Amino acid sequence: MQGLIDWGLSVGIGTDGLTPIYRSFAAARDLSPGSTVVRVPQRSLLYAVHPEHDLAPHFRQLLSQGAQAAGQLSSPGAGSSRPDPRHVLCVLLILERARGQESKWAPYLDILPECYDDPYWWQEDQVQLLRGT
């Protein structure tokens with residue numbers, strides 16, 4: 001966790017009134033409603049259309065060439081020319097993990113779980129099991 005904290009400070013992430021606990025943080029003091037406890041500069045965020053990795057044109061090229069996966073790679077209701085940001089982010093995470101310690105985000109990526117479950121990726125019959133819960 002200390003490596004993540006050191007990295008966060010080096011890229012401008014600041015915390016006020018928080019203390020690290022395993023893979024999370026907890027309030028180290030009473031916090032007032034509306035108080036800022038974490039500051040993250042935009043340049044330190046890892047997101048789908050990051051200026052260092054705008055993968056969207058590559059997805060558009062694949063889709064325009066008639067890739068069979070077009071229905072899976074585009075945003076619902078957006079037509080086939082707009083890549084779904086979640087898919088772009090997945091590819092970005094794969095690329096950054098492949099860079100290993102050379103990645104700008106390596107200390108952050110190192111603490112992420114190897115796998116996780118997210119209802120977004122579930123099949124419709126699996127989602128139906130949640131109805132009424």
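Side chains are part of it too, since the values below use all heavy atoms of this structure and drop only hydrogens, waters and symmetry mates. The shown structure was predicted, so the numbers you read here are calculated from the model rather than taken from an experiment.
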Note to self: Between W122 and L130, is the side chain to side chain contact (heavy atoms under 4.5 Å, CB included) condition met? List the steps.
What the structure shows: CA-CA 11 Å; W122 292 2; L130 294 177; 3.4 Å; yes
Item checked: Note, L112 side chain near W105 side chain (heavy atom, < 4.5 Å) -> no
Check: P41 versus I13: any side-chain heavy-atom pair under 4.5 Å?
Finding: yes
Next item on the list: Taking all non-hydrogen atoms of both residues into account, name the closest pair between K104 and R43 and its distance.
Entry: NZ-O, 2.8 Å
Item checked: Reported CG-to-OG distance for the pair L93 and S103, which is rounded to 0.5 angstrom -> 9.5 Å
Check: What is the distance from atom CG of L95 to atom SG of C90, rounded to the nearest 0.5 Å?
Finding: 11.5 Å
Notebook entry, point to check: So V37 and L31, side chain to side chain contact (heavy atoms under 4.5 Å, CB included) or not? Walk me through it.
Noted result: CA-CA 8 Å; V37 293; L31 300 172; 3.6 Å; yes
Item checked: Full working for salt bridge (charged side-chain N to carboxylate O under 4.0 Å, His left out) between R99 and E102 -> CA-CA 5 Å; R99 289 184 172 152; E102 297 296 316; over 6 Å; no
Check: Just wondering, do L92 and R97 contact through their side chains at under 4.5 Å, heavy atoms?
Finding: no
Checklist line | Side chain to side chain, F25 and T19, heavy atoms closer than 4.5 Å | finding: no
Margin query: Could you check whether atom CG of D6 has more than 12 heavy atoms from other residues, nucleotides or ligands sitting under 6.0 Å from it?
Written below: yes
Next item on the list: For Q126 and Q123, indicate whether the former's side chain and the latter's backbone hold a donor-acceptor pair under 3.5 Å.
Entry: yes
Note to self: A side-chain contact here means heavy atoms from C-beta on lying under 4.5 Å apart; do P107 and L109 qualify?
What the structure shows: no
Check: Any idea which heavy atoms bring G100 and A106 closest together, and the distance?
Finding: O-CB, 3.4 Å
Margin query: Would you say that D110 contacts Q101 through its side chain, given a criterion of any heavy-atom pair below 4.5 Å between the two side chains?
Written below: yes
Checklist line | Shortest non-hydrogen separation from R39 to T15 and the atoms involved | finding: NH2-N, 4.3 Å
Item checked: Residue pair V40 / V38: nearest heavy atoms and the distance that separates them -> CG2-CG1, 3.7 Å
